[in-house]
Amino acid sequence: MRASLYLISTLKETPSDAEVISHQLMLRAGLIRKLAAGLYSWMPLGLRVLRKVETIVREEMNRSGAQEVLMPAVQPAELWQESGRWEKYGAELLRVKDRHEREFCIGPTHEEVITDLMRNELRSYKSLPANFYQIQTKFRDERRPRFGVMRAREFIMKDAYSFHIDTASLDETYQVMHDTYHRIFTRIGLDFRAVQADSGSIGGSSSHEFHVLADSGEDLIAFSTSSAYAANIEMAEALPPVADTLPAVELSKVATPNQTSIDEVCAFLGIEANRTVKTLIVKAGKESPSPLIALVVRGDHTLNEIKAEKCLHVTSPLAMATDAEIHQHIGALPGSLGPVGLQIPVYVDRSAAALNQFTCGANENGFHLSGVNWARDCPRQVAVVDIRNVVEGDPSPDGQGQIQIKRGIEAGHIFKLGNKYSTAMNARVLDAQGKSVIMEMGCYGIGVSRVVAAAIEQNYDDKGIIWPTAIAPFTVAIATLNAHKSDAVREAAEHLYQQLLAKGVDVLLDDRNERPGVKFADLELMGIPHRLVVSERGLTEGTLEYKGRRDTDNQNIPAAQGLAFLLDKL
RNA sequence: CGGGGUAUAGCGCAGUCUGGUAGCGCGUCUGCUUUGGGAGCAGAAUGUCGGAGGUUCGAAUCCUUCUACCCCGACCA
């Protein structure tokens with residue numbers, strides 16, 4: 001491609017509404033432009049990257065034995081009513097009516113459509129297992145789209161759905177997809193980890209997320225320092241702690257005027273947060289005999305909402321009680337709450353429960369209790385559960401090493417769906433005995449457009465993007481200097497350009513009549529991995545100049561060896 | 001959905017408090033010079049000051065209302 005014929009729309013200034021680096025650089029390098037909140041156009045340069053990611057995904061999915069299909073983005077309400085998700089999915093599902101007032105949605109995912117399609121096509125166990133995928137635009141009406149294409153409303157996703165006669169077959173394909181994802185992210189050139197994950201609203205039994213590691217990631221991942229254990233922090237188990245080394249002491253009530261946060265109370269009383277507990281009051285579900293439920297974690301820990309939602313009668317999603325509700329049932333306000341004497345169900349985190357003496361709110365505004373002992377002071381039955389987030393230094397749940405925590409961007413997610421959708425939608429085949437059985441299903445997603453942003457989050461410097469070669473919009477850029485007044489420069493650059501094209505290299509010939517600084521700045525901002533400079537000065541000495549995007553210095557190479565040198569680099 | 005903020009040229013912003021001819025930088029266009037790190041000089045174009053209503057002799061500026069967008073939280077593959 002010749003830059004003089006190509007839309008290179010770089011910006012010197014950073015658009016003010018771009019928060020994260022990938023969003024800023026995608027705008028500045030001219031990859032995308034915003035149309036509305038969470039809706040982006042892909043410009044030529046950006047689309048080249050997107051297509052390269054798609055190509056790798058497609059090649060590896062095909063290699064795994066999956067078959068590509070393409071399903072409609074618009075889906076009839078009836079299918080979603082059949083699976084029960086028309087009601088459950090909530091406002092994130094964009095619902096529309098056609099001219100006949102029939103209800104549809106813009107697909108945020110395609111379990112219903114594929115299950116409907118395949119319950120009609122798959123009749124026999126002999127057709128199984130089968131895995132179908134598509135690369136398609138999805139729409140989720142995110143409450144708060146942000147970070148550019150990282151969390152857009154409309155985005156491109158590769159989604160795959162597998163069908164099986166039994167769970168053993170599902171397990172096999174699940175492992176194949178696990179391996180395939182590993183190949184895909186490795187080929188793209190990202191630093192990533194597969195981690196155990198919560199299966200969330202899609203449902204199902206087992207699930208792994210593939211995270212691109214980056215400081216700007218929205219998810220926290222817990223790793224073991226000495227084993228392969230890795231899990232989303234939502235899932236990572238906090239093991240029961242070792243027994244408290246301090247003995248029980250006498251209970252006392254202390255005045256703590258206007259000290260409501262753990263930090264304030266600790267500073268006021270001169271104690272450590274790990275000798276306090278905090279009591280969170282949440283709303284209970286309709287079936288619950290008590291309208292409120294207390295959740296207790298140690299003062300230096302934070303509540304894990306995913307874990308808490310699994311406690312009996314706690315609502316999902318978790319809903320904190322209002323101050324008015326708390327005052328009505330307990331007689332004190334948040335900041336002075338504690339488990340002693342509570343008349344509502346109490347769930348206590350393992351670490352909090354292990355304390356022999358601790359400080360907590362007295363359920364009387366402006367007072368705390370010190371020296372509290374569970375057995376002596378909270379004789380009512382309390383349930384000891386795991387409801388906190390793990391922290392760095394906790395023992396790894398697999399018993400090997402300690403936990404360390406990093407941030408990740410969720411780029412892929414694989415689920416064992418089991419028979420959730422096939423049961424709801426009656427997707428059956430005949431087995432070897434001629435008996436009709438419900439199929440087992442798996443589903444496997446990759447956020448293709450998100451991968452583009454994630455790659456930038458992981459690969460940039462103060463000059464701009466640094467693409468992994470496999471997904472760079474162009475692999476090589478040839479920049480001519482002063483070409484307008486040098487036939488030799490034009491000819492040498494053109495010759496090299498043609499040779500690289502003939503070798504199938506994605507090469508950008510920067511033949512624009514721009515000053516050198518402009519070309520260098522643009523090529524660096526756009527993140528092209530390899531740059532060759534053809535100049536009159538160099539040609540006089542018989543050299544070209546090469547610089548890799550991550551290199552700090554240029555190197556001169558003999559002009560005659562330019563092609564071979566470059567091919568060796570690729 | 002709760003809280004906060006913003007809306008003025010393609011982009012980044014000033015002007016709004018205290019009403020009186022709409023500005024700056026970058027970018028864009030033309031010409032000349034220039035060409036190894038985002039050039040210089042000269043000239044030029046570009047705005048329903050987010051929309052609608054109101055107050056006023058006069059509104060970017062004050063009032064009412066609507067919309068869009070952004071941030072924090074909640075929520076979420």
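Labels below follow one simple rule: chain letters A, B, ... track the order of the sequence lines, proteins then strands, and each chain is numbered from 1.
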Quiz item: More 5' along RNA chain B: A:K12 or A:N482, using each one's nearest nucleotide?
Solution: A:N482
Quiz item: How many Å lie between CD on A:E209 and P on B:C76, as a whole number?
Solution: 13 Å
Quiz item: Taking NZ, NE, NH1 and NH2 as the nitrogens, is one of them in A:R193 or A:D191 under 4.0 Å from a carboxylate oxygen of the other?
Solution: yes
Exercise. Determine which nucleotide pairs with B:U18, using a 3.5 Å limit on both distances of a Watson-Crick or G-U wobble pair.
Key: none
Exercise. Check whether any side-chain N or O of A:K34 sits under 4.0 Å from OP1 or OP2 of B:C70, and answer yes or no.
Key: yes
Quiz item: B:G37 base to A:R531 side chain: any donor-acceptor pair below 3.5 Å?
Solution: yes
Self-check item: N-O pairing of A:E154 and A:K138 below 4.0 Å
Solution: no
Practice problem: Check the distance between B:G73's P and A:E305's CD and give it to me in whole angstrom. | Solution: 13 Å
Quiz item: Which nucleotide sits closest to the side chain of A:E410: B:C76, B:U35, B:A77?
Solution: B:A77
Exercise. Kindly point out which of B:G36, B:G38, B:C75 is positioned nearest to the side chain of A:R537?
Key: B:G36
Quiz item: Mind checking the P distance from B:A7 to B:A60? Whole angstroms is fine.
Solution: 15 Å
Exercise. Look at the side chain of A:S16 and the base of B:G12, then say whether one donor and one acceptor between them are separated by less than 3.5 Å.
Key: no
Exercise. For B:U28 and B:C11, measure between their C1' atoms and round to the nearest Å.
Key: 11 Å
Practice problem: May I ask you to say what A:G445 touches in the nucleic acid, namely base, sugar-phosphate or nothing, with a heavy-atom cut-off under 4.0 Å? | Solution: nothing
Self-check item: Which nucleotide in B:G73, B:G36, B:C70 has an atom nearest any side-chain atom of A:R146
Solution: B:G73
Practice problem: May I ask you to say what A:Y444 touches in the nucleic acid, namely base, sugar-phosphate or nothing, with a heavy-atom cut-off under 4.0 Å? | Solution: nothing
Self-check item: Nearest-angstrom distance from the residue atom CD1 of A:I306 to P of B:C76
Solution: 7 Å
Practice problem: Answer yes when A:D487 and A:R490 have at least one side-chain N-carboxylate O distance shorter than 4.0 Å, and no when they do not. | Solution: yes
Quiz item: NZ of A:K310: more than 12 outside heavy atoms within 6.0 angstrom?
Solution: yes
Exercise. Answer yes or no: is there a side-chain heavy-atom contact under 4.5 Å between A:Y421 and A:D116?
Key: no
Exercise. Could you check which nucleotide pairs with B:A74 in any of the strands shown, counting Watson-Crick or G-U wobble with both distances under 3.5 Å?
Key: none
Practice problem: Please confirm whether any donor atom in the side chain of A:R450 sits under 3.5 Å from an acceptor in the base of B:A77, or the reverse. | Solution: no
Quiz item: If you measure from CH2 on A:W467 to CD1 on A:I188, what distance do you get to the nearest 0.5 Å?
Solution: 11.0 Å
Exercise. Pick base, sugar-phosphate or nothing for A:K485, based on heavy-atom distances below 4.0 Å to the nucleic acid.
Key: sugar-phosphate
Practice problem: For B:U16 and B:U6, measure between their P atoms and round to the nearest Å. | Solution: 14 Å
Quiz item: Considering only side-chain heavy atoms of A:D17, which listed nucleotide, B:U35, B:C69, B:G36, is closest?
Solution: B:C69
Quiz item: Looking at CE of A:M43 and CZ of A:R33, how far apart are the two atoms once the value is rounded to the nearest 0.5 Å?
Solution: 3.5 Å
Quiz prompt | Spacing between A:N513 atom CG and B:U30 atom C1', to the nearest angstrom | solution = 16 Å
Quiz item: B:U48 and B:A59: how far apart are their C1' atoms, nearest whole angstrom?
Solution: 14 Å
Exercise. Please state the C1' separation for the pair B:G38 and B:C70 - nearest whole angstrom.
Key: 28 Å
Quiz prompt | Nearest to side-chain heavy atoms of A:A37, which nucleotide of B:G36, B:G37, B:C70 | solution = B:C70
Quiz prompt | G-U wobble or Watson-Crick pairing nucleotide for B:C29 (cut-off 3.5 Å, both distances) | solution = B:G43
Self-check item: Partner of A:E524 by salt bridge (charged side-chain N to carboxylate O under 4.0 Å, His left out), out of A:R28, A:R531, A:K463
Solution: A:R531
Quiz item: Under a 3.5 Å cut-off for both distances, is B:A60 Watson-Crick or wobble paired, and to whom?
Solution: none
Self-check item: Nearest-Å distance for atom pair NE2/C1', residues A:H23 and B:C71
Solution: 14 Å
Quiz item: Can you list, by residue number, the residues of residues 541-556 of chain A that have a non-hydrogen atom closer than 4.0 angstrom to RNA chain B?
Solution: A:E545, A:N554
Quiz item: What is the pairing partner of B:A7, taking Watson-Crick or G-U wobble pairs with both distances under 3.5 Å in any strand?
Solution: B:U67
Practice problem: Kindly say whether, by distance alone, the side chain of A:D522 makes a donor-acceptor pair under 3.5 Å with the base of B:G38? | Solution: yes
Self-check item: Touch class at under 4.0 angstrom, heavy-atom based, for A:E524 against every strand present
Solution: base
Practice problem: Output the distance between atom CD (A:E54) and atom CD1 (A:I156), rounded to the nearest 0.5 Å. | Solution: 5.5 Å
Quiz prompt | Of the listed nucleotides B:A74, B:G38, B:A77, the one nearest the side chain of A:R143 | solution = B:A74
Quiz item: Is any side-chain nitrogen or oxygen of A:K519 closer than 4.0 Å to OP1 or OP2 of B:G37?
Solution: no
Quiz item: In whole angstrom, what separates A:E309's CD from B:A74's P?
Solution: 13 Å
Quiz item: Taking the P atom of each, how far is B:U8 from B:A52, in whole Å?
Solution: 15 Å
Quiz item: 5'-most contact on RNA chain B: A:V518 or A:M150, nearest heavy atom basis?
Solution: A:V518
Quiz item: What is the distance, rounded to the nearest whole Å, between atom CZ of A:F210 and atom P of B:A77?
Solution: 18 Å
Quiz item: Should B:G37 form a Watson-Crick or G-U wobble pair with both distances under 3.5 Å, which nucleotide is its partner?
Solution: none
Exercise. Could you state the atom-to-atom distance from NZ of A:K420 to C1' of B:A77 in whole Å?
Key: 13 Å
Quiz item: What about A:E13, does its side chain sit under 3.5 Å from the base of B:G27 through a donor-acceptor pair?
Solution: no
Quiz item: Base, sugar-phosphate alone, or nothing: which one does A:R28 contact when heavy atoms must sit under 4.0 Å apart?
Solution: base
Quiz item: Rounding to the closest angstrom, what is the interatomic distance between B:G31 and B:G37 at atom P?
Solution: 26 Å
Self-check item: Any strand: nucleotide that pairs with B:C24 via Watson-Crick or wobble, under 3.5 Å
Solution: B:G12
Quiz item: When you compare B:C71 with B:C63, how far apart are their C1' atoms, in angstrom units rounded to a whole number?
Solution: 27 Å
Self-check item: Note: A:D461-A:R549 ion pair, threshold 4.0 Å (strictly below)
Solution: yes
Quiz item: Atom CZ of A:F474 and atom CD1 of A:I528: how far apart are they, to the nearest 0.5 Å?
Solution: 6.5 Å
Quiz prompt | side-chain N/O A:R515 vs B:A39 OP1/OP2, d < 4.0 Å | solution = yes
Quiz item: Between the side-chain atoms of A:R151 and the base atoms of B:C76, is any donor-acceptor pair under 3.5 Å?
Solution: yes
Practice problem: Kindly confirm or rule out a cation-pi arrangement of A:R95 over A:W86, judged by NZ or CZ under 6.0 Å from the six-membered ring centre and within 45° of its axis? | Solution: yes
